[in-house]
Amino acid sequence: MQERHHVVVVGGGFGGLQLVNDLKGAPVKVTLIDRRNHHLFQPLLYQVATTVLATSEIAWPIRRLYRDRQEVTTVLGEVAGVDTIAKEVTLAHGQSVPYDTLVLATGATHAYFGHDEWAAVAPGLKTLEDATTIRRRVLIAFEQAEVEEDPARRDALLTFTIIGAGPTGVELAGIIAEMAHRTLPGEFRRIDTRLARVVLVEAGPRILPAFSEELSAYASRELEKLGVEVLTGTPVTDCTDEGVTIGESFVPSRTLVWAAGVQASPAARWLGADADRAGRVKVGPDLTAPHRPDIFVIGDTASVIQEDGKPVPGIAPAAKQQGAYVAQVIRGRLTGSPAPGPFRYRHQGSLATIGKRAAIIDFGRIKLRGSLAWWIWGIAHIYFLIGTRSRFAVAWSWLWTYLSGQHSARLITQKDTLREER
């Protein structure tokens, strides 16, 4: 009996899972490798970091997702390299996984623009571990401020700085400001949490540069209404335990969050392929690596240039579309069907929230803002969650937060060794 074509997928994010889902019924066996045992709904990760949602509400065990797919094998492991001659993926613990077709959907991590030492004091937001670290630091800052005798140190503890004003930075700033100004007042006895500063720093001329200037200006006004200090046009030049330097001005701030840039996984290095400045592999029109028709690269790992010369954005819908496209290509190769044309990205709109009652949506010709946009944003995100239980749990958490003003996940559950070292 002929062995089934073996498709190895590295990465259980949006692109990787879409690919595996769309290969259902194809004459293949699939090995899905990820260094974590869960799929993460990253668009709502900031809500875990800001105590609105629990970790279990936006993450699902990969094995459970494919428990009824006998042709799918899940491997928990970290990839160390790819042998393109032997057609094997090498894992960090030494095991090798052979492939007939390889799909790299390994995502991206934080980019500190040559200042990796900032990572310890200004964590980014890409994983559940990142989210719980940020949540812990935010909550501990209020607790330490409550018992701090020195006014200057207390002010620094009550200053929260978010670096980078894309959707993640804006969403974090809005929720932290609402927590300080609307959720926590009355719970502390020695400090007034309404005096907390939330500073949003953007090196560019305006926040949310991917949105229209009109929506960007609206978001800035709404953030300022929530008490966020929006600083644009000046880059961050240093981050330390004691605070952040913006241009030449030092802001004492004990809680920093990095939302300013991303760097692709080492996939380009594994393949010896050309990459862009963010480390993304420059793929062909069919999303294959250069001179490697048996290797596809998708999602945040790939640099895909559209007909207008602009890169496909590194967002979940783009990764899902790429995963679906590659599944179609693989099916066609195995069945002898005509190959689909070059990959075409269909932009479905950009969305961002500002706090818990306002959002902006840019569908191109149609632009929405305010509470209506917030409801549409919420419905869209609930729809894309996996499983009825998750949809119900998130909807209930949001409704509770909306009506009561209270956050449901304000637990400090782990020892924050980084802060203790300070």
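Residue numbers start at 1 and run along the sequence shown.
- When each of Leu157, Asp155, Ile191, Leu158 is paired with Glu148, the side chain to side chain contact (heavy atoms under 4.5 Å, CB included) condition holds for Leu157 and for no other.
- In this structure, Arg63 contributes its side chain and Thr74 its backbone to a donor-acceptor pair below 3.5 Å.
- The closest donor-acceptor contact from the side chain of Glu146 to the backbone of Arg190 lies under 3.5 Å.
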Let me see the working for Leu200 and Val170 under side chain to side chain contact (heavy atoms under 4.5 Å, CB included), right down to the final yes or no. CA-CA 7 Å; Leu200 178 62; Val170 166; 4.1 Å; yes
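- A donor atom on one side chain and an acceptor atom on the other are not found under 3.5 Å apart for Thr133 and Asp130.
- Screening residues 263-322 for ring pair (Phe, Tyr, Trp, His ring centres under 6.0 Å), with sequence neighbours left out, gives no hits.
- No donor-acceptor contact under 3.5 angstrom links the side chains of Ser212 and Glu214, judged on distance only.
- Judged purely by atom type and a 3.5 angstrom limit, Arg391 has no side-chain atom pairing as donor or acceptor with the backbone of Ile386.
- When only modelled atom types and interatomic distance are considered, Thr193 and His181 share no side-chain donor-acceptor pair under 3.5 Å.
- Enclosure of atom CZ in Arg221 by more than 12 non-hydrogen atoms of other residues, nucleotides or ligands within 6.0 angstrom is indicated.
- When atom types are taken as modelled, the side chain of Ser216 and the backbone of Ile207 share a donor-acceptor pair closer than 3.5 angstrom.
- In this structure a side-chain-to-backbone donor-acceptor pair under 3.5 Å is present from Glu178 to Lys356.
- Side-chain atoms of Glu88 do not come within 3.5 Å of backbone N or O of Val97 as any donor-acceptor pair.
- Leu351 places none of its side-chain heavy atoms less than 4.5 Å from the side chain of Ile360.
- The number of heavy atoms from other shown groups lying within 6.0 Å of CZ (Arg64) does not exceed 12.
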For Tyr383 and His381, run side chain to side chain donor-acceptor pair (under 3.5 Å): C-alpha distance rounded to whole Å, both residues' side-chain angles, the deciding distance at 0.1 Å, then the answer. CA-CA 5 Å; Tyr383 174 80; His381 281 71; over 6 Å; no
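- More than 12 non-hydrogen atoms from other residues, nucleotides or ligands lie less than 6.0 angstrom from CD of Glu224.
- Using modelled atom types and a 3.5 Å distance limit, the side chains of Thr73 and Tyr66 yield no donor-acceptor pair.
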One pair to check against side chain to side chain contact (heavy atoms under 4.5 Å, CB included): Ile162 and Ile176. What are the steps and the verdict? CA-CA 10 Å; Ile162 297 91; Ile176 293 174; 4.2 Å; yes
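- In this structure the side chain of Ile140 reaches within 4.5 angstrom of the side chain of Ile412, judged on heavy atoms.
- Taking the charged nitrogens against the carboxylate oxygens, Glu78 and Arg36 have no contact shorter than 4.0 Å, which rules out a salt bridge.
- The closest side-chain heavy-atom distance from Asp294 to Thr288 is not below 4.5 Å.
- Between Asp276 and Lys282 there is no salt bridge, since no side-chain N of the basic residue sits under 4.0 Å from a carboxylate O of the acidic one.
- For the residue pair Ser265/Thr106, the side-chain donor-acceptor check at 3.5 Å is satisfied.
- From Leu19, atom CG reaches atom CD of Gln322 across 11.0 Å, with rounding to the nearest 0.5 Å.
- Defined by atom type and a distance below 3.5 Å, a donor-acceptor pair is missing between the side-chain atoms of Trp374 and Thr353.
- For CZ of Phe113, the number of neighbouring non-hydrogen atoms (other residues, nucleotides, ligands) closer than 6.0 Å is greater than 12.
- Residues passing the side chain to side chain donor-acceptor pair (under 3.5 Å) test with Arg69, sequence neighbours excluded: Glu71.
- Glu143 has no carboxylate O lying under 4.0 Å from a charged side-chain N of Arg136, or vice versa, which leaves the two without a salt bridge.
- Each of Leu287, Thr101, Val283, Leu271 was checked for a side chain to side chain contact (heavy atoms under 4.5 Å, CB included) with Ile295, and the lone residue meeting it is Leu271.
- Put simply, the side chain of Arg35 never gets that close to the backbone of Leu76: no donor and acceptor are under 3.5 Å apart.
- Under the 3.5 Å distance criterion, with hydrogens and angles disregarded, no donor-acceptor pair is assigned to the side chains of Tyr112 and His110.
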